[in-house]
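Order of appearance sets the numbers: ligands from 1, and atoms from 1 within every ligand.
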Amino acid sequence: MPVRRRTAIFTRTTPPPLPELSNLAAGGTLPGILRQLSGLGGCTNPIRLDGHRTEYDVDTTTGEIGRVLQHLDSSTLPAGQLLVRCNNRRTTRCAACAEVYRRDTFQLITAGLRGGKGTPEHVAAHPRVFATFTAPGFGPVHNRRTDGRPCRCGTHHGQEDEALGTPLDPDTYDYEAAVLWNAHAGPLWRRFSTYVRREVAKRAGLSQRRLRDHARVSFAKVAEYQKRGAVHFHAVIRLDGPGGGETPSPAWATAELLTDAISAAASTVRVEGPTIDGRPHTFAFGRQLDVRTIRSADFNDGQQLTERAVAAYIAKYATKGAETATGALDRPLKFAAELAQLDISDHARRLIRTAWTLGARKDLEHLRLRAWAHMLGFRGHFSTKSRRYSTTLGALRTARAEWRRAQAAAAQSEREPDTTYVLAHWVFAGTGLSDAEAWLAASLEPAPGTEGEPTHG
Ligand SMILES: [Zn+2]
Ligand SMILES: [Zn+2]
């Protein structure tokens, strides 16, 4: 069994774990550990690996493996193990890795709006909208009204009021439907994406099959939790030519046609759900649908929705789960008994308990509600995109890894990459940092506010 290390979060005012630090200092490993930690880019919950990697020279004419060029054995590393970034997308789990994820998502969305990273620049001229799809109501909740009138409970709730989004009457709130809606939100979106293509075809006077020869609908979407714990979707939807982003959109393709098609598809799409104790469930989007045309920055008068604002918005929500909006959990629940101990809101607790209870039903097995109880039933992907939208997160990661490797290689020699042979074997040895490592890592972190990219539009 791998050893799971506790991740300690230290601030610079935390007293240093002196005995461990002085041991490291006495052993002369302190500078080495600092170097190893700085390679993690601030990741506080790295994956620890035991193993080795050997790089051999290969004779290009005979193909024979020659001398050892490089050998790395984890036991000889200052930390005693190889440390790899956790790459967790959640801010609550690893701020540094979530930040990388957010930047990558920002780039991915931006590439689909302005071009770049392999997507042609003319995508900026394709009809594009930013649409928000909400969940239906499951019972009245405390809210802030835009007309200045008080909430139905008679209170003017402040922006930070924890009551916001929670039911006026928890006993009549439809928790069952709320959880099941989240569990069906993914399938509902998938069906919507088929419907929207059909609606576009109809408006272009084409059959659904023939639409493919003229246009494609591409999208990138992100799931966000509303305060009440219902998932909703924000999506960039783009109307491209027959080859996706690579090809100019047809002359008939306008943002108005796209908006109209989206509205028609969103209002008619339905997914049949289970029948629970004689009550049949059917799922649809809520009536609040917001579709706005995305303008290029050039045409922005400060009022309209810009590419940058859209990308920043989607990227921000890509790093959040149910925990940030509803105060739920950022990891799966193992036992129902844990629920009582947790410092979460009553509303979140009730949603999680409902998911847990429904999760025991044989007929709902396929929804895996216990495994996804911490996500309030939603088991879909947080951010997804159609294949032709723009580059992928994988491609961005590969590009970054290649760049790092190239830098390292340039520092070493001018070796051809295909003239080496690599033999490696790694085993998972745990996660996290020791107290001393965590303290040292915290001392390496840049001061807050020195980040380059904006978090808002
Ligand atoms: Zn991390
Ligand atoms: Zn209220």
Angle at the Zn ion (ligand 1) between SG of C86 and SG of C94, to 10°? 110°

How are the rings of W189 and F192 set relative to one another: parallel (under 30°), tilted (30 to 60°) or perpendicular (over 60°)? tilted

Would you indicate whether the side-chain heavy atoms of S267 and F285 approach each other to under 4.5 Å? no

Everything protein-side that's N, O or S and under 2.8 Å from the Zn ion (ligand 2): list it, residue and atom. H142 ND1, C151 SG, C153 SG, H157 NE2

If we ignore hydrogens and angles and just use 3.5 Å, is the side chain of R228 paired with the main-chain N or O of P167 as donor and acceptor? no

Looking only at heavy atoms, which two atoms of S74 and L82 are closest? And how far apart? CB-N, 3.8 Å

Is the distance between the ring centroids of F378 and W372 less than 6.0 Å? no

What angle sits at the Zn ion (ligand 1) between SG of C43 and SG of C97, to 10°? 110°

Report yes if the distance between the aromatic ring centroids of Y173 and H347 is under 6.0 Å, otherwise no. yes

For S75, is there any backbone N or O sitting under 3.5 Å from a side-chain donor or acceptor partner on D73? yes

